[in-house]
Q: 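Structure incoming, see below.
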Amino acid sequence: MRTLIPSAMVALTLFSCAPKTGRSPVYLNPSAPLEDRVEDALSRMTLEEKVAMTHAQSKFSSAGVPRLGIPELWHTDGPHGIRPEVLWDEWDQAGWTNDSCTAFPALVNLAATWDRELSRLYGDCIGQEARYRGKDILLGPGINMGRTPLNGRTFEYMGEDPYLAGELVVPYVQGVQANGVAACVKHFAVNNQETRRTATNSVVDDRTLYEIYLPAFRKAVTEGGAWAIMGSYNLYNGQFNCHNKKLLCDILKGEWGFDGVVVSDWGGCRDDDEAVSNGLDIEMGTWTNGLRGAASDSYSNYHLARPFLERLRDGRATAEQLDDKARRILRTVFRTAMSPEPHYGSFTSPEHFAAARKIAAEGLVLLKNDGTLPLSVPEGGKLLVVGENAYKMMVVGGGSSNLKTKYEVIPLDALHEVYDGKVQVEWQRGYVGDVTTDYNKVVTGQDLSESRSAARLLEDAVSAAREADVVLYIGGLNKSAGQDNEGTDRADIVLPYGQDALIEALAEVSSRLVVVNISGSPVAMPWADRVNAIVQGWYGGSESGHALVDVLTGAVNPSGKLPFTMPLSLSDGPLKTERQYPGVKEEGKQWWQEYYDEGVFVGYRWYDTRQIPVQYPFGHGLSYTRFEYSDASVKKAADGWKVQLTVKNTGEVAGAEVVQLYIADREASVERPAKELKGFEKVYLQPSESRKVSFMIGREDLSFFDAARHAWVAEPGDFEALVGSSSADIRARLEFKL
């Protein structure tokens with residue numbers, strides 16, 4: 001890793017490296033216009049120097065131009081924290097002792113906040129950590145849609161709705177890039193499963209592509225100003241997405257005018273000619289370990305290395321193709337490592353841990369409550385905590401988002417902090433899930449070994465529950481293979497390790513049972529009507545235990561909302577056939593084929609339109625207070641329609657409500673969802689306080705994508721603006737006409 005100096009000082013530090021050409025070195029002048037710097041640097045570079053910038057030189061860096069004083073670009077995995085340093089050519093850790101980061105909540109937790117300001121805070125904090133560590137490109141955020149609850153990386157993404165993800169990705173990107181670090185938004189595109197992720201062709205019609213799977217990426221580019229995009233492993237239209245002409249050239253760089261850099265996922269580049277021609281700018285991680293053939297010339301064997309040079313020299317590739325890539329890379333360098341603004345960054349500061357705690361708490365979702373929460377345990381009474389996830393550290397593992405954090409507060413320790421000396425806190429494991437305590441040589445130091453049988457564990461937990469005043473169950477999923485984990489998908493949405501039977505047994509003997517489900521994706525809850533309260537928790541990062549206990553005790557009033565639907569069972573969802581998921585192998589086809597036959601009917605669009613009951617709907621989340629909606633109206637305005645209403649806190653404690661606006665097209669020439677999210681506002685209110693909330697509806701909010709015309713179309717007719725607290729809890733229906 002290069003010496004850590006403020007990015008604005010790089011130009012001055014390297015000024016003596018400028019070539020003696022008789023021209024003023026514009027590219028080294030931070031105050032010069034960006035494009036002037038790019039063109040000046042480009043004009044000074046040799047063919048070989050340009051090509052060298054287009055591929056990796058190590059596991060996480062790509063080359064600069066030492067002769068001209070242009071630094072290399074350093075990439076780092078996110079999007080939840082800055083990855084520990086690894087060896088030059090390997091995934092293994094480099095053994096540093098000063099690279100333990102702040103672990104921020106998983107992105108699904110951020111999505112559950114429904115809070116744009118918190119998304120900006122998140123991006124700013126992680127951008128500061130990346131800059132402090134000398135990183136130029138943060139590999140995140142991830143914004144692929146929740147097409148199936150089985151996707152192993154659902155926890156890394158922002159839910160099932162393109163509007164929600166789009167609204168939250170913009171401030172995240174802006175926060176990161178305010179620190180002179182490029183946000184590399186991933187994985188572009190239609191990358192919605194881990195099963196055979198490198199060998200599956202996504203077959204998607206244009207309407208579905210443009211309405212569901214592209215909008216969040218488009219907002220990241222056109223509104224967020226993202227400086228980098230990462231291609232995905234899968235194929236679309238028969239081409240790998242790291243060099244997919246339609247996605248990268250026609251849509252991203254064409255229709256959206258993206259001027260940044262396209263980076264391959266690690267090992268995602270597969271073809272010499274397509275890598276040159278179809279929009280890829282930096283090739284990373286090819287052959288996964290960075291090596292092929294002799295170690296002495298390993299990186300020169302990349303598709304965009306020696307093969308690219310050969311094509312340039314014999315005319316199969318053009319100077320224009322090379323210069324376009326080099327321009328984009330130089331643009332990235334001048335925006336990051338050689339930015340005109342001074343960026344020092346900061347690392348594991350108290351402010352960052354405080355931000356992580358706040359975001360984690362604000363995203364916790366209260367699914368059910370009969371008054372048992374906030375927790376009330378009598379003085380000298382007994383609080384029984386059951387479940388492995390009360391004790392197991394969750395930052396480690398899960399794939400590329402694996403982190404080495406400075407510390408991680410587990411829920412059990414946070415409960416002891418609050419209750420020791422007041423009530424007895426006892427922990428019973430209840431079940432054995434994942435006993436591993438290390439991933440890629442990041443070690444938690446916990447001992448999760450267990451000698452008791454599954455039957456004895458259940459018996460011990462139930463016996464203790466009989467004597468407890470309150471039973472707090474903290475279970476769910478973890479980041480092991482087949483759960484919330486990169487590289488594997490889940491087999492079902494049923495809780496693993498016999499947890500359903502354990503919760504049912506606890507419900508038999510306890511009249512005050514609170515269930516906390518820790519997961520990054522939906523789970524079935526067949527016991528929901530037999531427990532007193534349910535909290536949906538997430539992988540909350542360094543401060544996860546504190547954040548959870550803040551909500552359980554009422555120190556923080558829960559305000560999170562589900563960013564995805566919680567179905568009753570997997571079979572209720574829109575993916576009904578093997579050809580939809582996980583895909584089929586067809587005669588004459590080289591790759592597995594995955595057909596998006598459900599079209600735009602993903603998540604709540606499916607359940608609400610088909611009127612299929614769910615456990616908890618998209619956007620659902622309760623509070624320790626109550627909110628009243630009144631005076632809702634819709635009026636024609638100069639540039640659309642204005643929806644306005646009043647929200648009042650009618651309870652006894654301060655809290656926040658997420659007011660959601662959905663649009664329904666009552667008659668259309670194509671089948672449309674029953675409703676689609678088109679606006680939301682998070683409103684913080686004191687007891688008895690009320691506030692007006694307003695939304696603007698434009699033609700684009702009424703439109704669907706007409707593939708035949710390749711255009712967004714808003715058809716005249718009757719529409720409804722639906723205002724509510726979730727996709728199912730609609731408080732006002734307002735009719736208007738286009």
Side-chain angles (χ1 to χ4, degrees), residues 54-55 142-145 147 184-214 216-218 221 228-258 260-288 302-305 307-308 311 316-318 320-322 324-325 328 579-597 705 707 710:
T54 66
H55 62 85
I143 52 172
N144 296 101
M145 289 292 97
R147 179 179 181 241
C184 188
V185 186
K186 63 184 187 182
H187 304 88
F188 192 64
V190 285
N191 175 234
N192 308 111
Q193 67 187 56
E194 292 298 286
T195 301
R196 296 189 292 265
R197 62 180 180 170
T198 63
T200 297
N201 179 40
S202 300
V203 184
V204 192
D205 66 274
D206 272 5
R207 180 189 168 198
T208 300
L209 180 72
Y210 275 82
E211 289 191 24
I212 303 297
Y213 299 104
L214 293 185
F217 285 102
R218 178 178 56 81
V221 170
I229 292 286
M230 179 188 286
S232 58
Y233 281 129
N234 58 305
L235 302 93
Y236 162 70
N237 275 358
Q239 279 187 332
F240 280 100
N241 289 355
C242 287
H243 34 73
N244 187 295
K245 181 180 183 301
K246 181 173 179 177
L247 289 178
L248 301 180
C249 299
D250 299 344
I251 297 175
L252 178 65
K253 295 180 177 181
E255 294 177 16
W256 301 348
F258 175 66
V261 65
V262 173
V263 180
S264 75
D265 205 340
W266 268 232
C269 184
R270 307 286 282 271
D271 183 272
D272 293 349
D273 291 325
E274 290 186 1
V276 170
S277 303
N278 291 350
L280 178 63
D281 300 311
I282 301 179
E283 176 188 1
M284 298 297 295
T286 299
W287 307 297
T288 67
Y302 272 36
H303 300 284
L304 287 181
F308 192 9
R311 280 162 171 73
R316 287 177 294 162
T318 67
E320 289 77 15
Q321 290 173 318
L322 174 61
D324 180 65
K325 298 179 193 297
R328 292 172 181 275
R579 69 179 252 131
Q580 288 176 285
Y581 174 86
V584 293
K585 196 72 167 68
E586 296 179 343
E587 187 175 351
K589 302 281 189 179
Q590 182 179 3
W591 310 107
W592 294 79
Q593 306 297 307
E594 177 193 23
Y595 294 89
Y596 285 51
D597 295 333
F705 189 80
H710 197 77

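Fair warning: this is a prediction, and the values are worked out from it, not measured in the lab.
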Q: If every non-hydrogen atom of Ser232 is compared with every non-hydrogen atom of Cys242, which pair is closest and at what distance?
A: O-SG, 3.5 Å
Q: Looking at residues at least two apart in the chain, or sitting in another chain, which of them share a side-chain contact (heavy atoms from CB on, under 4.5 Å) with Leu252?
A: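 Only Phe188, Val221, Ile229, Leu248, Trp256, Phe258, Val262 meet the side-chain contact (heavy atoms from CB on, under 4.5 Å) criterion with Leu252.
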Q: Taking salt bridge (charged side-chain N to carboxylate O under 4.0 Å, His left out) as the test, write out the residues that go with Glu194, two or more places apart.
A: Arg197
Q: Identify, with sequence neighbours excluded, every residue that meets side chain to side chain donor-acceptor pair (under 3.5 Å) alongside Lys253.
A: Asp281
Q: Can you name the ring-ring contact (aromatic ring centres under 6.0 Å, His included) partners of Tyr213, sequence neighbours left out?
A: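 Expected list: Tyr596.
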Q: In chain order, what residues pass the side-chain contact (heavy atoms from CB on, under 4.5 Å) check against Lys245, with sequence neighbours excluded?
A: Gln239, Cys249, Asp250, Asn278
Q: Just jot down the ring-ring contact (aromatic ring centres under 6.0 Å, His included) partners of Trp592, sequence neighbours excluded, or say none.
A: none
Q: Taking all non-hydrogen atoms of both residues, which atom of Ala707 and which atom of Arg207 are closest, and how far apart?
A: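 What the structure gives for the nearest pair is CB-N, 4.3 Å.
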Q: My understanding is that only residues two or more places apart in sequence, or in another chain, count here; which of them pass ring-ring contact (aromatic ring centres under 6.0 Å, His included) with His303?
A: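 For His303 the ring-ring contact (aromatic ring centres under 6.0 Å, His included) partners, ignoring immediate neighbours, are Trp287.
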Q: Taking atom NZ as the centre, does Lys589 end up with more than 12 heavy-atom neighbours from other residues, nucleotides or ligands that are less than 6.0 angstrom away?
A: no
Q: Sequence neighbours excluded, which residues qualify as ring-ring contact (aromatic ring centres under 6.0 Å, His included) partners of Phe705?
A: Tyr210, His710, Trp712
Q: Under the salt bridge (charged side-chain N to carboxylate O under 4.0 Å, His left out) rule, collect the residues that match up with Arg196, sequence neighbours excluded.
A: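 Once residues adjacent in sequence are excluded, Arg196 has no partner under the salt bridge (charged side-chain N to carboxylate O under 4.0 Å, His left out) criterion.
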Q: Who pairs with Arg311 by side chain to side chain donor-acceptor pair (under 3.5 Å), at least two apart in sequence or on another chain?
A: Asp273
Q: Mind checking salt bridge (charged side-chain N to carboxylate O under 4.0 Å, His left out) for Arg579 and listing every partner two or more places apart, or none if nothing turns up?
A: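 Asp597.
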Q: List for me each residue that meets salt bridge (charged side-chain N to carboxylate O under 4.0 Å, His left out) alongside Arg328, sequence neighbours excluded, and say none if there are none.
A: Asp324
